[in-house]
Asker: 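Right, I'll just put the structure down here and ask away after.
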Amino acid sequence: MASIAANDALPVPAAAPAAGEGLRSRRLVLSHFWLAFAAFLIACVLGAWQMWARSPLDAPAHTASNYFRSVTLHGVAMAYVLSTFFIMGFGYFVAETALGRPLKWLKAGWWGFWIGVVGVLMAALAVISGKASVLYTFYPPMTATPWFYIGLVLVVVGSWIWCGVMIAEMSFWKRDNPGQAVPLAMFATVANAVMWLWTTVGVAAELLFQVIPASLGWTQMVDVGLSRTLFSWTLHAIVYFWLFPAYIAFYTMAPREAGGRLFSDTMGRLSFILFLLYSLPVGMHHLFMDPEHSSGFKFLQMVLTAFVSVPTLLTVFTIAASLEIAGRMRGGKGLFGWVAALPWKNPMTLATGLAFVMLFFGGGGGLINMSYGMNAMIHNTSWVTAHFHLIFGGTVVIMYFAIAYAIWPSLTGREFASLKRVRWQLWLWFIGMMVMTIPWHGLGLEGQWRRVAAFDYTDPIIATWGPWVIVSLIGGMILLVSAVLLIWNLLPAGLGRRTVQVYRYAEAVHPPGRVPAALNGFALWNVLVAVLMLAAYGWPIAQFFADPPPQAVIHHMDRGID
Amino acid sequence: MNVGDPIEQSALDRRWRLWASAAVGGILVVGAVIGMLVLPNFQRENAALDLWTAICRAVGITEGSPAYRQPITTAQALPVSQVAWDPDVLDILANANPQQGAQIAAQVCVACHGENGVSSVLEYPSLAGQSSAAIYKQLSDYRSGARVHELMTPYAAQLTVPQLASVSVYYGRFAQQATGLGGRDLPGDDYIVKLAREGDSARALPACDSCHVPGAGGPIETPVLTGQNLQYLAAQLRAYKTGDRQNDVYRRMRDISEKLTEQEIDGLARYYRGVLF
Ligand code: HEM
Ligand SMILES: [Cu+2]
């Protein structure tokens with residue numbers, strides 16, 4: 001082994017595709033990333049304004065309708081646009097680089113991209129026009145203008161095309177390489193694609209059969225219990241969809257960038273399979289307070305929920321072990337000496353460390369959310385928003401940054417002008433997130449509501465909240481600075497010397513030779529997912545048709561009263 | 001399925017299939033048995049249920065709440081609104097004929113509610129700009145006797161339900177062409193503005209605007225107040241306060257009006273009357 005330092009410039013190997021311009025999907029990947037990060041930057045500006053509006057300081061243009069317009073746009077941009085487009089772009093990159101051959105279905109990828117772009121524009125214009133302030137969770141019987149939903153459906157259709165391309169590329173590769181293990185990064189990406197296909201069934205059914213007909217005025221009433229149930233089908237798994245790239249980076253990028261090897265390839269495969277299996281039949285844990293389901297099914301899904309924690313624990317263990325290997329290979333000694341020996345100047349290593357710190361705090365908060373009694377205390381308070389900013393905006397998104405930094409040189413053919421500025425950006429995101437979310441959690445414990453446009457701090461009961469919201473606002477401003485730095489780093493202005501790099505993924509301590517079919521494909525697991533979904537959601541959904549409950553009058557938010 | 005696998009490989013694959021299915025199925029069965037058999041059995045005594053009913057409830061094929069059958073009430077309902085926003089009513093409104101409504105309006109309603117639905121008699125309400133749901137609700141209440149007024153009741157009682165819907169839809173659509181209710185400037189003293197926009201949490205008074213502004217998310221029948229006649233608004237709030245008017249569903253407006261002082265009622269009525277801009 002010549003060198004295992006991260007991202008070393010390599011002479012272009014004759015066989016491999018030439019780096020940089022040589023990647024066939026280069027423009028496709030970059031287009032996805034830039035759309036994702038553009039949405040991200042705009043949404044960060046809105047987020048900072050929202051925090052300002054919630055604080056005792058006077059924010060410009062602060063009215064209730066502007067607030068909900070902004071929160072809807074911020075939620076949609078972060079949860080749907082940034083995540084989906086980042087994941088798709090990264091998927092195309094992995095398909096080409098991990099499989100080591102050009103994409104066969106590149107054209108389809110472009111179709112998916114443009115369909116998604118049209119959808120994003122439709123949805124964004126609908127929200128900006130003020131006719132879609134229904135928040136990213138929809139909440140029928142509220143309905144917005146149909147353009148909003150149709151736009152989002154197009155984004156989902158674009159992502160389905162991506163799923164098709166991922167699955168196809170893997171099966172082509174398997175056909176051409178019989179008996180060989182699919183590289184872990186690609187195996188995980190396809191696991192995510194397969195999971196996403198299952199995940200979107202719930203929300204797609206809700207939108208196509210309930211919400212869109214309602215918003216078009218074809219129906220007068222909507223069964224809210226059914227729509228909540230269908231949304232719950234999607235709700236838990238979508239979070240894992242967002243999370244997957246971070247875990248892919250943990251397993252297949254971080255160990256090598258830290259100068260070591262992946263502790264176990266099999267652990268990785270098992271974790272990703274467990275995510276696929278147990279992210280889906282568990283969504284009813286978001287409906288514990290809902291009356292429409294029986295205790296037996298709630299209990300069953302709660303039991304299944306317990307199993308989603310297994311892959312996360314596996315991951316923490318495997319990655320810690322892999323980093324320890326790296327630290328020791330770099331000469332670290334003693335119980336904790338290996339931590340100091342890790343290359344913290346490497347962006348991926350740094351981001352992984354910071355992500356784990358945020359995961360530690362956020363995971364603690366998560367334990368509170370999943371405890372029935374304690375959840376009742378923080379339900380619908382600022383605690384919840386603070387929690388998912390820490391986990392999703394923190395742990396997951398900092399890994400999105402790290403992935404972008406890791407693969408940027410091989411995409412653009414240029415190195416970063418200043419790795420120091422890259423590290424600054426990551427540190428600022430971490431610091432900003434901590435400063436913003438710690439007081440935000442505290443306010444939730446004191447009962448501050450989420451999704452509220454303004455607080456009257458002259459009221460003595462809540463007057464003490466004011467200063468803490470200002471602290472959160474400072475955190476938000478730090479995040480905004482970090483977001484701007486990210487864009488600067490990635491733009492040509494932030495890049496330096498030309499380079500020719502081929503991205504290389506982490507190798508496992510024991511590279512997989514031939515693996516069982518179950519760890520190399522998804523046929524078996526799809527059957528098992530179907531069984532689990534049928535058991536967990538079959539009757540809970542069928543009951544709405546067997547014995548239809550009373551429905552709710554549709555409330556057209558885009559039309560005013562009437 | 002990998003092509004050309006040696007025999008051990010396919011034996012290994014079979015073992016994986018078997019054990020993975022067994023593990024996933026086993027967890028499923030254990031969860032279902034505990035949730036649908038064991039727990040109902042332990043908890044059924046709290047609700048005095050037999051085992052079979054408890055299981056059926058846990059599975060969700062028998063209704064689960066209330067835990068005990070409620071006695072059927074024999075109390076007589078007060079003369080409150082009969083309007084329920086069910087699909088039938090919404091269909092009636094969706095399919096009503098506004099032309100017919102226009103005729104009725106021109107023949108009957110114009111006398112009191114004014115040309116274009118803008119009433120010049122200050123005690124009579126304007127209708128232009130009100131939603132058809134709001135108008136339908138009030139007309140139905142006059143018709144059923146849930147709301148009573150010597151002048152208005154006889155006219156509403158004369159109309160059939162489809163006529164009532166058509167005139168509601170007529171005035172509801174009409175709003176878009178004529179300036180009636182809605183487009184006003186609302187100047188007022190700070191105290192009243194705050195009451196209207198933010199309410200008063202110390203007295204558990206919600207903000208009027210949380211329901212009365214179009215699109216705010218209030219009940220579908222919430223009427224528009226902006227631009228309504230001053231005397232009419234004040235009279236309605238007093239009627240809710242004294243209980244002379246009781247057709248508001250769930251006592252919403254009675255509970256609110258009871259907490260308002262006489263000065264606040266006058267102030268709010270002045271505020272919502274607004275000035276035309
Ligand atoms: C500059 C950084 C950010 C700031 C200052 C910020 C601030 C906020 C604020 C103030 C809210 C509204 C909370 C409420 O009304 O209760 C919010 C909502 C939200 N944010 Fe952020 N945020 C930031 C970054 C992010 C990131 C990176 C993500 C995820 C990738 C994210 C996802 C969301 C989501 C999903 C909502 C929920 C919207 C809803 O409740 O409907 N935010 N954010
Ligand atoms: Cu969940």
Side-chain angles (χ1 to χ4, degrees), chain A residues 64-65 133 142 174-175 178-180 217 219-221 273 277 281 291-304 306-307 454 456 459 461 514 516-521 523-525 527-528 531-532 535-536 539-540 543 546-547 550-562, chain B residues 1-5 9-10 12-13 15-17 20-21 24-25 27-28 30-32 34-37 39-40 43 55 57-65 85-87 89-91 93-94 130-134 172-173 175 182 198 201-202 209 213-218 220-224:
Chain A
S65 64
S133 299
M142 282 198 299
K174 276 169 77 172
R175 197 187 52 205
Q180 285 194 42
T219 52
Q220 314 288 350
M221 312 282 287
I273 287 168
L277 279 180
E292 67 267 13
H293 295 297
S294 67
S295 60
F297 280 98
K298 286 178 181 167
F299 185 85
L300 176 62
Q301 295 217 10
M302 190 193 79
V303 169
L304 299 179
F307 284 86
D456 177 4
D459 185 334
I461 299 175
R514 183 178 275 271
L519 296 182
N520 209 32
L524 168 64
W525 308 114
V527 173
L528 291 178
V531 170
L532 284 172
W539 175 248
Q543 62 165 358
D547 180 15
Q551 307 203 340
V553 180
I554 286 152
H555 193 94
H556 293 278
M557 300 296 285
D558 52 330
R559 297 191 201 161
I561 294 176
D562 196 346
Chain B
M1 220 72 3
N2 298 336
V3 199
D5 280 350
Q9 182 74 20
S10 68
L12 177 69
D13 289 352
R15 271 205 305 284
W16 264 90
R17 268 202 302 279
S21 310
V24 170
I27 291 165
L28 193 63
V30 169
I34 297 179
M36 296 175 191
L37 299 178
L39 287 180
Q43 295 179 335
I55 291 174
R57 278 187 178 192
V59 177
I61 50 185
T62 305
E63 275 171 41
S65 61
W85 298 108
D86 54 29
V89 171
L90 293 168
D91 273 350
L93 279 178
Q130 214 63 274
S131 71
S132 41
R173 301 229 171 123
E198 291 166 29
S201 46
D209 285 359
V213 166
I220 179 172
E221 72 268 24
T222 313
V224 178

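Just so it is clear: chains get the letters A, B, ... in the order the sequence lines come, proteins before strands, and each one is counted from 1. Computed from a predicted model, the values in this text were never measured in an experiment.
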Asker: Which atoms form the tightest heavy-atom contact between A/Pro516 and B/Leu12, and what is the distance?
Answerer: CG-CD2, 3.8 Å
Asker: Where do B/Ala32 and A/Leu300 come nearest, in terms of heavy atoms and distance?
Answerer: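 It is N-CD1, 3.6 Å.
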Asker: Heavy atoms only, distances under 4.5 angstrom: which of A/Thr219, A/Leu519, A/Leu277 has the most pairs with chain B? Name it, please.
Answerer: A/Leu519
Asker: With a 4.5 angstrom heavy-atom cut-off, could you sort out which part of B/Gln43 is near chain A: side chain, backbone, both or neither?
Answerer: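 For B/Gln43, there is no contact with chain A at all, as no heavy atom is under 4.5 Å.
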Asker: Do you know the tightest heavy-atom contact between A/Phe297 and B/Val59?
Answerer: CE1-O, 3.1 Å
Asker: Of all the heavy-atom pairs spanning B/Gly35 and A/Phe299, show the shortest one and how long it is.
Answerer: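 For B/Gly35 and A/Phe299, the tightest heavy-atom pair comes out as CA-CD2, 3.3 Å.
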Asker: How many angstroms lie between atom CH2 of B/Trp85 and atom CE of A/Met221, to the nearest 0.5 angstrom?
Answerer: 11.0 Å
Asker: Counting only heavy atoms closer than 4.5 Å, note whether B/Leu93 contacts chain A via side chain, backbone, both or neither.
Answerer: neither
Asker: Can you list the steps and then say if B/Ile61 with A/Ser294 is a side-chain contact (heavy atoms from CB on, under 4.5 Å)?
Answerer: CA-CA 9 Å; B/Ile61 50 185; A/Ser294 67; over 6 Å; no
Asker: Go through the atoms of B/Leu28 and report whether side chain, backbone, both or neither lie under 4.5 Å from a heavy atom of chain A.
Answerer: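 For B/Leu28, backbone and side chain are both near chain A.
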Asker: Go through A/Leu304, A/Leu528, A/Val303 and name the one with the most non-hydrogen pairs under 4.5 angstrom from chain B.
Answerer: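 Ranked by contacts with chain B, first place is A/Leu528.
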Asker: With a 3.5 Å distance limit and no angle check, can you tell me whether A/Trp539 reaches the backbone of B/Gly60 through a side-chain donor-acceptor pair?
Answerer: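 Confirmed, A/Trp539 side chain pairs with B/Gly60 backbone.
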Asker: May I ask you to name which of B/Asp86, B/Leu39, B/Ile34 has the most heavy-atom pairs under 4.5 Å with chain A?
Answerer: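 Highest number of heavy-atom pairs under 4.5 Å: B/Ile34.
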